[in-house]
K.L.:
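The structure that follows is given in the form of structure tokens.
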Number of protein chains: 2
Amino acid sequence: MADVAEEAHVSVKTVSRVVNREPGVRRDTELRVRGVIDRIGFMRHDGARILRQGRTQTIALVVEDLANPFYSQIGAAVEREARIRQHQLITASAEGSPTRERVVLEGLINRRVDGLVVVPAGERPATDPTVSASGTPIVYVDRPVRGEPCDTVISDNAGGVRSAVEHLVAHGHRRIAFLGDNAEFWTARQRREAFVSIHDALGLPGDTRVVMGPHSSEDLVERLGAWARERTPVTAVITGNNRVTLAALHAMRQVGVQMGLVGYDDFELADLIEPSVTVVHQDPTSIGQKAVLQLFARLLGDESPAQTVVMPTRLIVRESGRLLSSLPPRKAKP
Amino acid sequence: MADVAEEAHVSVKTVSRVVNREPGVRRDTELRVRGVIDRIGFMRHDGARILRQGRTQTIALVVEDLANPFYSQIGAAVEREARIRQHQLITASAEGSPTRERVVLEGLINRRVDGLVVVPAGERPATDPTVSASGTPIVYVDRPVRGEPCDTVISDNAGGVRSAVEHLVAHGHRRIAFLGDNAEFWTARQRREAFVSIHDALGLPGDTRVVMGPHSSEDLVERLGAWARERTPVTAVITGNNRVTLAALHAMRQVGVQMGLVGYDDFELADLIEPSVTVVHQDPTSIGQKAVLQLFARLLGDESPAQTVVMPTRLIVRESGRLLSSLPPRKAKP
DNA sequence: TTGTAGGCGTTATCAA
DNA sequence: TTGATAACGCCTACAA
């Protein structure tokens, strides 16, 4: 900037004014300065600007695995919303490790990101001293953290599971089992509990059949086989997330059993499998958007108490929720 | 840092030394300083450090759509490699628009990112004045740019298509058609050209049947129907990327025709569809890794001429490449 | 309309 | 082993 100033025979301040389109520069001065800027290819150093202004115009997103479609969709939404608001997005992965998450968060705080959107790895208390001391606004997504209330965006796990069970029941299923993911995950436990309580509330017969992950391929095959061979067989399963849905589909294919199925999380091609798979859809795009909205409210000075937003889920009805006997025989159409 | 210095009765420089683990600080001094740091919760301001040192320890990834699994997998790989090297990753989406891409790139240059990994939106000459003037190392991914040679990582489009055609031919297919994506995309054109030349080289009968996107659902249904009704019907299609594969699968389902199929890009569940889908797999993780490797070589001073790396593809053989008549009738197993 | 001085928080240099 | 001082490039405040 100093170079430009010298070349254009003005002070740095004037150059600064031109660069930032501040008013109060004579037209011809501005043109002269712009000319020099273009000629020598000057580009403002945002680092210095940031240092002076205290705002980095940057937010960060911390997730478990950027390649997981659920998170990458959240990421895409967060990036878009950030870009609209002239902010850049740093993405970081903690790979599910609370330790690594702490390191990552410290790094981001050191960079003075303006705000954080975090899918918390563990359920450590929200009062991570590093973060809270920095005063950086933070919005948790997908799962809450323990301790004092924090801004959080989660999806309606209980509602989602309820819609799944009710759908199956409406189609005549009575013996319904639940295949959850690893019970270490909050969402997995939430969905399990929802399943159990709805199962009981509806007075469905028999014990509640619940198995949590991680599911090896063999376990799953054996389990499904056993359920299918019971005296009054299980006729439908609900799977706790996309990972489990895929595993269950593979296992069913392998065992050769055909059960009713409602999966948690929509997935590409759910409609091309036979029978097409009915799912509980949670919309990652809306979740990401909502989180950014919340975050920027804080950045703009919103001081209201921490808020937990529960995003609704939507049941996408396809064929797999029907009772097996009601399915048309395959290749019905000539 | 000044606060810490005062509190610990040392100079800022000593604090700096402690924070950066520089040698030459007496043990007890260090302990005293660390004590103060912990007590008052000091955190280094990386913005200032960056300003002073000139390195941001940040690289950026610019893609078209972060939600596209192909790019998000690249993103995950790039982030991991960056993290390993103590760098942070800014992700940005240009949404396929060259104009927006330019704005995005300028923003990143202003931030003085150390390096760029870019999936170029247009095919504008590589010598984007903004970027090249800044001297920021840049690696292009997935498609090259025109103009003087640049570091580029692409996948072996011709090889992938060849493996697809050869596989189909080996299974007895002779009338093979190609459904490409929008010919505006470089990769789409590459694959089309590869198809045409291999089709000719193998002396396959008839004109080469090639249709490029975008494909509306209706067009596709009509097209497939027409191919199937020809006097000597098309028995197999090759699809130019995952988008087209999905569209083609839907269309086939809708028309009720069953053709041989080899898709470009692997996708989840390719093995659960019936028949399971044979695909040409390009490994986004390796592509991302390779790009970062290349980038950091430049960052470390590698001055060798620009290099284009062609990553191999792999044919994942499933069922859909077989000749229709050789497929076992459905429900063969009781 | 333009310019000057000072400081943001850190590190490099050089001196003690 | 430690410290004083000057940058890094920009913006704020104030003055001319």
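In what follows, chains are A, B, ... by sequence order, proteins preceding strands, each numbered from 1. Note that these values count all heavy atoms, side chains included, but never hydrogens, waters or copies made by symmetry.
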K.L.:
Check the distance between dA13(D)'s C1' and K13(A)'s NZ and give it to me in whole angstrom.
P.N.:
9 Å
K.L.:
Considering only side-chain heavy atoms of F42(B), which listed nucleotide, dA13(D), dT10(C), dC10(D), is closest?
P.N.:
dT10(C)
K.L.:
Could you tell me the separation between the NE2 atom of H9(A) and the P atom of dG3(C), rounded to a whole number of Å?
P.N.:
12 Å
K.L.:
What is the nucleic acid contact for D46(A), judged by heavy atoms within less than 4.0 Å: base, sugar-phosphate only, or nothing?
P.N.:
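Since no nucleic acid heavy atom lies under 4.0 Å of D46(A), the category is nothing.
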K.L.:
Report the distance from atom CD of E6(A) to atom P of dG9(D), rounded to the nearest whole Å.
P.N.:
14 Å
K.L.:
In whole Å, what is the span from the CD atom of E22(B) to the C1' atom of dG3(D)?
P.N.:
13 Å
K.L.:
Would the base of dC10(D) count as contacting R52(A) through its side chain, where contact means a donor and an acceptor less than 3.5 Å apart?
P.N.:
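Flag unset: no donor-acceptor pair detected.
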K.L.:
If you pin T29(A) and A2(B) to their nearest nucleotides in DNA chain C, which one's is more 5'?
P.N.:
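Between the two, 5'-proximity favours T29(A).
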K.L.:
With a cut-off of less than 4.0 Å, is there a side-chain N or O of Q53(B) near OP1 or OP2 of dA12(C)?
P.N.:
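So the side chain of Q53(B) is within the cut-off, an N or O lying under 4.0 Å from OP1 or OP2 of dA12(C).
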K.L.:
Looking at E106(A) and R102(A), is any side-chain nitrogen of the basic one under 4.0 Å from a carboxylate oxygen of the acidic one?
P.N.:
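Looking at R102(A) and E106(A), the cut-off is not met.
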K.L.:
So, does T14(A) get its side chain near the phosphate of dT1(C), meaning an N or O under 4.0 Å from OP1 or OP2?
P.N.:
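Indeed not, no polar side-chain atom of T14(A) lies that close.
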K.L.:
Can D265(B) and Q282(B) be counted as having a side-chain donor-acceptor contact under 3.5 angstrom?
P.N.:
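Q282(B) and D265(B) do have a side-chain donor-acceptor pair below 3.5 Å.
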K.L.:
What is the distance, rounded to the nearest whole Å, between atom CZ of R49(B) and atom C1' of dA12(C)?
P.N.:
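Answer to the nearest Å: 13 Å.
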K.L.:
Of all the nucleotides listed (dT2(C), dA4(D), dG9(C)), which has the minimum atom distance to the side chain of S11(B)?
P.N.:
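From the listed options, dA4(D) comes nearest.
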K.L.:
Assess whether salt bridge (charged side-chain N to carboxylate O under 4.0 Å, His left out) is satisfied between D46(A) and R112(B), documenting all intermediate values.
P.N.:
CA-CA 8 Å; D46(A) 276 344; R112(B) 300 299 194 268; over 6 Å; no
K.L.:
State whether the distance check finds a donor on one side and an acceptor on the other, under 3.5 Å, for side chain R17(B) versus base dG3(D).
P.N.:
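Between dG3(D) and R17(B), which were checked side chain against base, a qualifying N/O pair under 3.5 Å is present.
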K.L.:
Within the structure shown, what part of the strands sits under 4.0 Å from V10(A) by heavy-atom distance: base, sugar-phosphate, or nothing?
P.N.:
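Sugar-phosphate contact only - V10(A) comes under 4.0 Å of backbone atoms but never of a base.
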K.L.:
Expressed in angstrom and rounded to an integer, what is the separation of R27(A) atom CZ from dT2(C) atom C1'?
P.N.:
17 Å
K.L.:
What contact category does M1(A) fall into here, base, sugar-phosphate, or nothing, at under 4.0 angstrom with non-hydrogen atoms?
P.N.:
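It contacts sugar-phosphate atoms only.
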K.L.:
OP1 or OP2 of dC10(D) less than 4.0 angstrom from a side-chain nitrogen or oxygen of S16(A), does that happen here?
P.N.:
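Indeed not, no polar side-chain atom of S16(A) lies that close.
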K.L.:
Take E81(B) and R85(B) through the salt bridge (charged side-chain N to carboxylate O under 4.0 Å, His left out) test and state the conclusion after the steps.
P.N.:
CA-CA 6 Å; E81(B) 295 297 320; R85(B) 294 171 173 78; 2.9 Å; yes
K.L.:
On DNA chain D, does the nearest nucleotide to R44(A) precede the nearest nucleotide to P23(B) from the 5' side, or the other way round? Give the residue.
P.N.:
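Nearer the 5' end of the strand: P23(B).
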K.L.:
Does either side chain, that of N20(A) or that of R44(A), offer a donor lying less than 3.5 Å from an acceptor on the other one?
P.N.:
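Checked: N20(A)/R44(A) side chains pair up, N/O donor to acceptor below 3.5 Å.
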K.L.:
Send over the distance from L51(A) CG to dG6(C) P, rounded to a whole Å.
P.N.:
18 Å
K.L.:
State whether R112(B) places a side-chain N or O below 4.0 Å from either non-bridging phosphate oxygen (OP1 or OP2) of dG9(D).
P.N.:
no
K.L.:
Could you tell me whether the side chains of S93(B) and R100(B) share a donor-acceptor contact shorter than 3.5 Å?
P.N.:
no
K.L.:
Mind calculating the distance between CZ (R26(B)) and P (dT1(D)) to the nearest angstrom?
P.N.:
9 Å
